[in-house]
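The model shown is predicted, which means the values in this text are computed figures rather than measured ones.
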Amino acid sequence: DDIRYILGTAETMKYILNQKDKKTPHLQGKSVIMLFYEQSARAKLAYELAAQYLSANVIDMTNTVHSIEKESLQDIGQLMDQMGADFIILRHSMAGAPRLLASCVEASVINAGDGFNENPGQSLLDLLTIREQKGGFEGLKVAIIGDLLHSRVSKSNIWGLTKLGAEVCVSGPPTLMLPAIENFGVEVYYDAREAVNNADVILTTRMRMDKKSLPSLDEYKRLFRIDENLLRYAKKDAIVMHPGPIQRGIEISSGVIDSKQCIINDQIGNSVAVRMAMFYILSQVG
């Protein structure tokens, strides 16, 4: 119910974004602090625009992160709290960092990605895009292909999709498969053709070029790249998605990227609306 409520609110925010004057007063007088220990131009831009469209004051601490790395996350959070921060957007290399920060501040903490754990904001915009394209989740078959070990958004998508009633299967090299991933309630295939067979949605991950876990890039492209040959096994109206930025020709072939089946632009279009919905809902709590 919480997920559906966020998606419904995001659809309302999309209506606002389609107006000539996108500015609304919902966060008037509120302060949003961007605390990105990891760089991500796309995510940071989406959060900043979302906050500005809702009339919040945005303070970007990203460029000063290197000077505060020696201070504990709790101390930095409490400093921001005492200065009147209402929202802290945290992207951190340590899994669980947002939960740790949230336990010691009064501000609302939004997880913009923590280690190899989760990225709920990206997942929510993926869910919104799927709902717009397919009308719902019940009975959908969703295939997640690629690096499941390091992909935090894939973990969030698995939680979200299974909660909403979709059938989820995953495929990737054994060295990049999350241990005990079957416990997530998904089907595991090491042949990508089986995973995408009759799939409605294909989600790909961003590959990390680590020779220890991926000794042969050519072999990966031959077995797991989403290309025209692999798409023949999916449904004719299957959609292809990627969290971005894409490494063209590695995760997805150029032909598929440039086709109508690849809806990455729709994902980007939903990224600001979902973040606006998150801010709005949190601002109403209490």
Side-chain angles (χ1 to χ4, degrees), residues 40 42-43 113 116 118-119 121-130 133-134 140-162 166-178 181 184 186-210 213-214 216-271:
S40 176
R42 290 170 178 238
F116 297 141
E118 286 202 69
N119 189 341
Q122 175 69 41
S123 175
L124 286 165
L125 74 89
D126 289 347
L127 295 176
L128 178 62
T129 307
I130 292 171
Q133 294 286 327
K134 297 297 181 180
L140 280 187
K141 180 179 179 181
V142 181
I144 303 177
I145 311 294
D147 180 357
L148 276 294
L149 183 63
H150 301 111
S151 174
R152 51 195 172 200
V153 66
S154 291
K155 300 179 184 73
S156 292
N157 273 330
I158 288 171
W159 291 124
L161 287 163
T162 53
E167 173 193 346
V168 181
C169 58
V170 299
S171 182
T175 53
L176 295 175
M177 192 60 66
L178 193 68
I181 195 171
F184 282 47
V186 302
E187 293 289 332
V188 181
Y189 299 99
Y190 293 102
D191 186 336
R193 294 171 297 184
E194 294 182 48
V196 304
N197 186 45
N198 286 323
D200 299 281
V201 180
I202 301 172
L203 292 164
T204 56
T205 69
R206 194 165 193 272
M207 289 300 305
R208 292 176 178 266
M209 301 308 167
D210 180 3
S213 54
L214 189 66
S216 172
L217 185 59
D218 288 337
E219 183 180 15
Y220 175 85
K221 290 192 290 185
R222 180 169 56 85
L223 297 175
F224 298 103
R225 179 176 61 182
I226 309 302
D227 56 21
E228 293 83 348
N229 291 329
L230 190 58
L231 273 183
R232 287 187 301 173
Y233 294 89
K235 290 183 179 177
K236 290 184 177 180
D237 62 347
I239 54 175
V240 177
M241 303 170 66
H242 190 286
I246 296 180
Q247 299 174 95
R248 185 178 281 263
I250 295 177
E251 298 117 348
I252 309 177
S253 69
S254 292
V256 173
I257 291 173
D258 297 330
S259 71
K260 292 182 179 180
Q261 285 182 277
C262 191
I263 58 167
I264 295 166
N265 287 337
D266 295 82
Q267 292 174 268
I268 295 171
N270 285 332
S271 62

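Remark: of the listed residues E251, R248, H242, R248 is the sole one forming a side chain to side chain contact (heavy atoms under 4.5 Å, CB included) with I257. Screening N265, N270, D266 against T129 for a side-chain hydrogen bond (donor to acceptor under 3.5 Å, both in side chains) leaves a single residue, N270.
Annotation: side chain of I158 is in contact with side chain of I144 (closest heavy-atom distance under 4.5 Å). Between I263 and Q133 there is a side-chain heavy-atom pair separated by less than 4.5 Å. No side-chain heavy atom of R222 sits under 4.5 Å from any side-chain heavy atom of L217. Side-chain contact between I252 and D227 is absent, with no heavy-atom pair separated by less than 4.5 Å. Residues V170 and M177 form a side-chain contact, since some pair of their non-hydrogen atoms from C-beta on lies under 4.5 Å apart.
Scanning both residues, V201 and K134, for their nearest heavy atoms gives CG2-CG, 4.4 Å. Residues L203 and M241 share a closest heavy-atom pair of CD2-CB, 3.5 Å. Residue A195 comes nearest to A199 through the heavy atom pair O-CB, 4.4 Å, listed as atom of the first residue, atom of the second, then distance. Taking every heavy atom of both residues into account, L230 and V196 meet most closely at O-CG2, 3.6 Å. The shortest non-hydrogen separation linking Y190 to G172 is CD2-O, 3.3 Å. Across every non-hydrogen atom of G249 and R225, the tightest pair is O-NH1, 2.8 Å.
The OG atom of S271 sits 10.5 Å away from the CG atom of D126 when rounded to the nearest 0.5 Å. S123 OG to I130 CD1: the interatomic distance, rounded to the nearest 0.5 Å, is 8.0 Å. Atoms CD1 and NZ, from I226 and K221 in turn, are 14.0 Å apart once rounded to the nearest 0.5 Å. Atom-to-atom distance recorded for Y233:OH and E194:CD is 10.5 Å, nearest 0.5 angstrom. To the nearest 0.5 Å, the span separating OG on S216 from CG on L223 amounts to 8.5 Å. In this structure, CD1 in I181 is found 11.5 Å from CD in E187, a value given to the nearest 0.5 Å.
The existence of a salt bridge linking D237 and K235 is excluded, since no basic side-chain nitrogen approaches an acidic carboxylate oxygen closer than 4.0 Å. One finds no salt bridge joining D200 and K141 here, because no Lys/Arg side-chain nitrogen approaches an Asp/Glu carboxylate oxygen to under 4.0 Å.
The main-chain N or O of P245 is found under 3.5 Å from a side-chain atom of R206 such that the two form a donor-acceptor pair. Judged by distance alone, the side chain of K155 and the main-chain N or O of L149 form a donor-acceptor pair under 3.5 Å. One N or O on the side chain of T162 and one on the backbone of W159 form a donor-acceptor pair closer than 3.5 Å. Looking at E118, its side chain never comes within 3.5 Å of a backbone N or O of V153 through a donor-acceptor pair. In this structure, the side chain of T205 engages the main chain of D147 through a donor-acceptor pair within 3.5 Å. A donor-acceptor pair under 3.5 Å is formed between the side chain of Q261 and the backbone N or O of A238.
Surrounding CZ of R193 are at most 12 heavy atoms belonging to other residues, nucleotides or ligands under 6.0 Å away.
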Intermediate values then yes/no, side-chain contact (heavy atoms from CB on, under 4.5 Å), C169 and V186: CA-CA 5 Å; C169 58; V186 302; 5.9 Å; no

side-chain contact (heavy atoms from CB on, under 4.5 Å) evaluation trace for L178 with F184: CA-CA 10 Å; L178 193 68; F184 282 47; 3.6 Å; yes

I202 and I145: CA distance, side-chain angles, deciding distance, side-chain contact (heavy atoms from CB on, under 4.5 Å) verdict: CA-CA 7 Å; I202 301 172; I145 311 294; 4.1 Å; yes

Derivation and outcome, side-chain contact (heavy atoms from CB on, under 4.5 Å), residues I268 and I264: CA-CA 6 Å; I268 295 171; I264 295 166; 4.2 Å; yes

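Below 30°, between 30° and 60°, or above 60°: for H150 and F116 the angle between ring planes is above 60°, a perpendicular geometry.
Side chains of N119 and S156: a donor-acceptor N/O pair is absent below 3.5 angstrom, by distance only.
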